[in-house]
Each structure stands twice: as structure tokens, then as C-alpha cells.
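Bear in mind that the values here come from a model prediction, so they are computed numbers and not experimental data.
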Amino acid sequence: MRITTNAILRNYKSNLATSLTNLDSARTKVMTGRKFNSVSEDPANALRASLLEKKYAKNDDYLSTVKDAQSFLDAQEDSAMQINSITLNLSKNYGLEALNGTNGSLDTRKTYAAAWKGAQESLMLSLNATYDGKYVYAGSDSYEIPFKWDKDTNTLTYRGFDVSDPANKASLDALADEKLYVDLGFGLDVTSANAAGDAPLKVGETSAFDIALPGIEVIGYGVDDNGDPKNMIALAGMIAEELEKEDFDYDRYSQLLEAFDAGRSNVLEKVTNLGTKTEFLTTTKERLETNEISIATQYDKVVNVDMAEAIMNFSWAQYAYNAALKVGNNILTPSFIDFMN
């Protein structure tokens with residue numbers, strides 16, 4: 001087989017170009033830290049990387065939502081604890097003392113009454129607490145102030161409804177049952193309430209997390225068997241009025257104070273429920289953070305190079321290219337022409 005000079009040169013140039021390409025590829029991997037920089041270089045891993053990027057972004061969204069939900073529930077819990085502290089102080093320091101013998105003087109009772117009235121304003125501030133511009137006790141309508149209180153008539157309204165009016169019971173029951181769901185990655189299930197699909201959408205309760213806590217669930221609403229209001233702000237006003245009467249009714253005062261203490265027990269129950277929900281969010285947050293690390297690890301294996309190996313490959317490619325250049329100096333061997341005179 002005859003090997004011509006042109007064939008040798010063509011092969012040399014082709015192989016030299018391959019060596020240069022390999023060197024450039026190895027250099028790029030060292031500089032970028034990536035196994036590939038275009039889909040065409042590695043379609044399979046490029047697809048895997050794309051899927052992992054989407055999973056990471058979605059997990060990050062869920063993690064951000066969990067953190068916001070935690071802060072929202074913390075604001076609810078802080079306000080509930082404030083309400084509990086205020087009502088406990090009223091019951092123990094201004095309720096029982098007035099009940100246990102200090103009620104003989106009208107002036108003394110008026111001092112206690114002033115404390116009860118002052119506490120009503122403090123309770124209102126806690127009930128209308130906000131987080132990030134949203135009212136934490138407003139149910140599903142968190143951008144409108146939920147509670148309003150008329151001092152003159154001692155009337156408390158929630159979303160426009162008098163909480164102590166029996167005629168509003170159905171409306172208040174519906175407001176007390178409001179939900180505000182957030183998607184935390186539990187497989188959100190949203191379906192129509194009927195087969196035709198023309199009814200409001202319904203969220204599966206186990207597929208999302210409810211962060212709503214209507215304030216009337218905390219402070220109470222409606223009336224009890226005695227016809228007295230269940231909400232603690234109205235009760236505080238009625239207790240103050242009873243203390244200010246010249247003809248102090250011990251039995252009536254005791255009855256109102258008992259109803260107030262029942263409301264305080266309800267507040268404690270809500271605080272406990274909030275603690276349970278907060279613990280659930282903490283567990284969910286830890287799970288999402290674990291997922292984040294796992295996805296990042298998978299992505300690193302698919303996309304990023306082992307730098308030690310990449311530098312070694314680059315050194316070898318550079319050595320091979322330099323060797324190819326040296327070979328080029330000796331590629332043209334002496335021929336018959338070189339010996340002709």
C-alpha cells in the first residue's frame with residue numbers, strides 16, 4: 001500500500017484538530033466546573049438536570065411558603081397569648097378581688113371597672129393584629145379590618161356582623177368555618193363541588209394547609225343559655241357596668257365572671273391548637289430542607305465535574321496536544337528527491 005505525503009498531512013491535520021478540540025473541551029470544563037455546556041453535548045444528563053432544576057425551584061417555593069405560614073401563625077399565637085395574658089390578669093386581679101370583698105366601696109369598684117374598660121381596648125388591638133399587611137384573625141379576607149367596637153353601645157362586630165346578635169348566628173357560623181389554604185407540596189387536590197363543574201372549587205383538606213383562624217373563634221361569638229354574650233369584649237364591658245352600679249348584684253357579677261372565664265379557657269384551647277399547627281409546619285420545613293439538600297446533591301452529580309479529575313484530564317489533553325505539535329516537526333521524512341543531485 002502506497003502512503004503519499006498528502007495522506008500523511010491530511011491525517012496529521014485531522015488528528016491535531018482532534019487534540020485541540022479535546023484540549024479546549026477539557027479547558028472549558030475546568031473553567032466552568034460543568035460536565036456539559038449545551039444540550040447537544042449530553043442530551044440524557046441535560047434532561048435530568050432540567051427536571052432536577054424544576055424540582056429544586058418547586059421545593060424552594062414550598063419552603064418559602066412554609067416559612068411565611070410559620071411567621072403568620074407565630075403572629076396569631078403571639079396575639080392569642082396577649083389575649084390570654086390580658087384576660088388572665090382581668091380575671092385574677094380585677095375579677096376575683098372585686099368578688100372577694102373589695103366591692104363594698106363604689107369608688108373601689110369603679111377603679112376595677114376602669115381596668116376592665118381599658119382592657120377592652122387592649123383586646124381590640126390584639127384581635128386586629130397584622131402580619132405583613134394582613135390581619136391575622138380575619139379569616140379568608142385578611143386585607144380588611146375584621147373587628148370594630150362601639151364603646152357607647154358596647155357592641156363588637158366581626159366583618160360587619162354583631163357577634164352577640166342571635167340573628168347573625170348562621171352568618172357567623174359560616175365566617176367561623178372559613179379556610180385559607182396554602183400549598184405546601186402535599187399534592188394539592190382541587191375539584192369542583194359537582195360533576196358539571198359549575199360549582200365553586202373545593203380544596204381537599206388533606207392536600208393543603210389551612211392558616212386561617214377567624215377571630216371570633218378566639219374571642220367568642222353568639223350568646224349562652226343565659227342570654228349573655230359569649231364574646232369576651234362585650235362581657236368585659238358588662239362586668240364593668242355591673243361594678244359601677246350603686247346596687248351591686250353579687251350573683252349577677254359572679255355569673256358574668258364565670259362566662260368570662262369560660263371564654264378564657266377557649267383562648268387557651270386555641271393557643272394549644274396553634275402550637276400543634278406550628279409543630280406540624282416545623283416538621284414540614286425540615287422535610288423540605290432535607291429534600292433541598294438531596295436534590296442539590298443529585299444535581300451536582302449530574303452537572304458539575306469532579307475538579308480534581310477535570311484538572312487531570314486537562315493536563316493530559318495539554319500534554320497530548322504539545323506532543324502532537326512536536327510530531328509535526330518530524331512528519332516529513334526524507335524522500336528520494338532529497339538524494340538527487
Side-chain angles (χ1 to χ4, degrees), residues 48-85 87-88 126-143 146 175-191 193 200-220 263-304:
R48 290 183 61 196
S50 177
L51 295 175
L52 287 170
E53 286 171 358
K54 290 180 180 179
K55 286 177 66 176
Y56 188 90
K58 186 175 290 187
N59 189 84
D60 191 56
D61 284 342
Y62 292 145
L63 190 56
S64 177
T65 302
V66 167
K67 291 177 181 178
D68 285 343
Q70 278 185 316
S71 297
F72 193 77
L73 260 65
D74 285 345
Q76 290 177 341
E77 189 170 3
D78 288 344
S79 295
M81 291 297 292
Q82 289 171 9
I83 292 171
N84 179 64
S85 178
T87 54
L88 177 62
S126 296
L127 287 171
N128 286 330
T130 61
Y131 165 75
D132 196 24
K134 296 179 287 189
Y135 292 96
V136 298
Y137 288 141
S140 63
D141 188 12
S142 55
Y143 291 99
L175 291 173
D177 194 44
E178 280 188 331
K179 310 293 183 184
L180 185 60
Y181 290 110
V182 291
D183 183 11
L184 300 183
F186 304 140
L188 184 63
D189 178 24
V190 181
T191 57
L201 295 177
K202 183 179 180 181
V203 177
E205 293 186 2
T206 59
S207 69
F209 185 78
D210 178 25
I211 63 171
L213 178 56
I216 50 177
E217 284 283 280
V218 178
I219 204 68
R264 190 166 61 82
S265 298
N266 179 65
V267 175
L268 284 173
E269 181 183 342
K270 298 306 174 186
V271 171
T272 301
N273 291 342
L274 284 170
T276 302
K277 295 175 76 173
T278 299
E279 182 64 27
F280 176 80
L281 286 178
T282 299
T283 303
T284 302
K285 177 173 172 286
E286 292 173 354
R287 175 179 61 80
L288 290 171
E289 288 174 340
T290 301
N291 286 348
E292 185 177 51
I293 294 172
S294 175
I295 296 171
T297 301
Q298 293 178 59
Y299 185 83
D300 180 67
K301 290 180 179 179
V302 170
V303 173
N304 298 325

Spatial distance of atom NZ (Lys134) from atom CG (Asp141) [nearest 0.5 Å]: 12.5 Å
By side chain to side chain contact (heavy atoms under 4.5 Å, CB included) - contacts of Tyr135 (at least two apart): Asn128, Thr130, Ala138, Ile145, Pro146
Atom CZ of Arg48 with >12 non-hydrogen neighbours under 6.0 angstrom: no
Between CG on residue Leu127 and CD1 on residue Ile219, distance to nearest 0.5 Å: 4.5 Å
Asp177 CG to Glu217 CD distance, which is reported to the nearest 0.5 Å: 8.0 Å
Contacts of Lys285 that satisfy salt bridge (charged side-chain N to carboxylate O under 4.0 Å, His left out) - sequence neighbours left out: Glu289
Pairing residues for Asp78 by the side-chain hydrogen bond (donor to acceptor under 3.5 Å, both in side chains) criterion, not counting sequence neighbours: none
ring-ring contact (aromatic ring centres under 6.0 Å, His included) against Phe186, all qualifying residues, sequence neighbours excluded: Phe280
Gly139 backbone acceptor or donor facing Glu178 side chain under 3.5 Å: no
Side-chain heavy-atom pair Val136, Leu213 within 4.5 angstrom cut-off: no
Set of residues satisfying salt bridge (charged side-chain N to carboxylate O under 4.0 Å, His left out) with respect to Glu77, sequence neighbours excluded: none
Residue from Ile83, Asn84, Asn273 passing side-chain contact (heavy atoms from CB on, under 4.5 Å) with Leu268: Asn84
Spacing of NZ belonging to Lys179 relative to NZ belonging to Lys202, to within rounding of 0.5 Å: 11.0 Å
pair Asn266-Val218: side-chain heavy atoms closer than 4.5 Å: no
Validation row: Tyr137, Pro214 side chains within 4.5 angstrom (heavy atoms): no
With sequence neighbours excluded, residues passing salt bridge (charged side-chain N to carboxylate O under 4.0 Å, His left out) with Glu53: none
Under 3.5 Å, side-chain donor or acceptor atoms of residues 57-70 against the rest of the protein: list the pairs with distances, not counting sequence neighbours.
from: Asn59; atom 1: ND2; to: Leu288; atom 2: O; distance (Å): 3.0
from: Thr65; atom 1: OG1; to: Asp61; atom 2: O; distance (Å): 2.9
from: Gln70; atom 1: NE2; to: Thr282; atom 2: OG1; distance (Å): 3.4

Those residues that, when tested against Tyr181, pass side-chain hydrogen bond (donor to acceptor under 3.5 Å, both in side chains) (two or more places apart): none
By side-chain hydrogen bond (donor to acceptor under 3.5 Å, both in side chains) - contacts of Ser126 (at least two apart): Gln82
Approximate separation, where rounding is to 0.5 Å, of Thr276 OG1 and Leu73 CG: 10.5 Å
Partner residues of Asp189 under the side chain to side chain contact (heavy atoms under 4.5 Å, CB included) criterion, sequence neighbours left out: Thr191, Ser207
Side chain to side chain contact (heavy atoms under 4.5 Å, CB included) partners for Leu180, two or more places apart: Asp210, Ile211, Ala212
Candidate list Ile295, Asp300, Ile293, test side-chain contact (heavy atoms from CB on, under 4.5 Å), partner Thr297, passing option: Ile293
Under the side-chain hydrogen bond (donor to acceptor under 3.5 Å, both in side chains) test, residues paired with Thr283 that sit two or more places apart: none
Interatomic distance, Thr290 atom OG1 to Glu292 atom CD [nearest 0.5 angstrom]: 9.5 Å
Geometric cation-pi criterion Lys55 and Tyr299, 6.0 Å radius, 45° cone: no
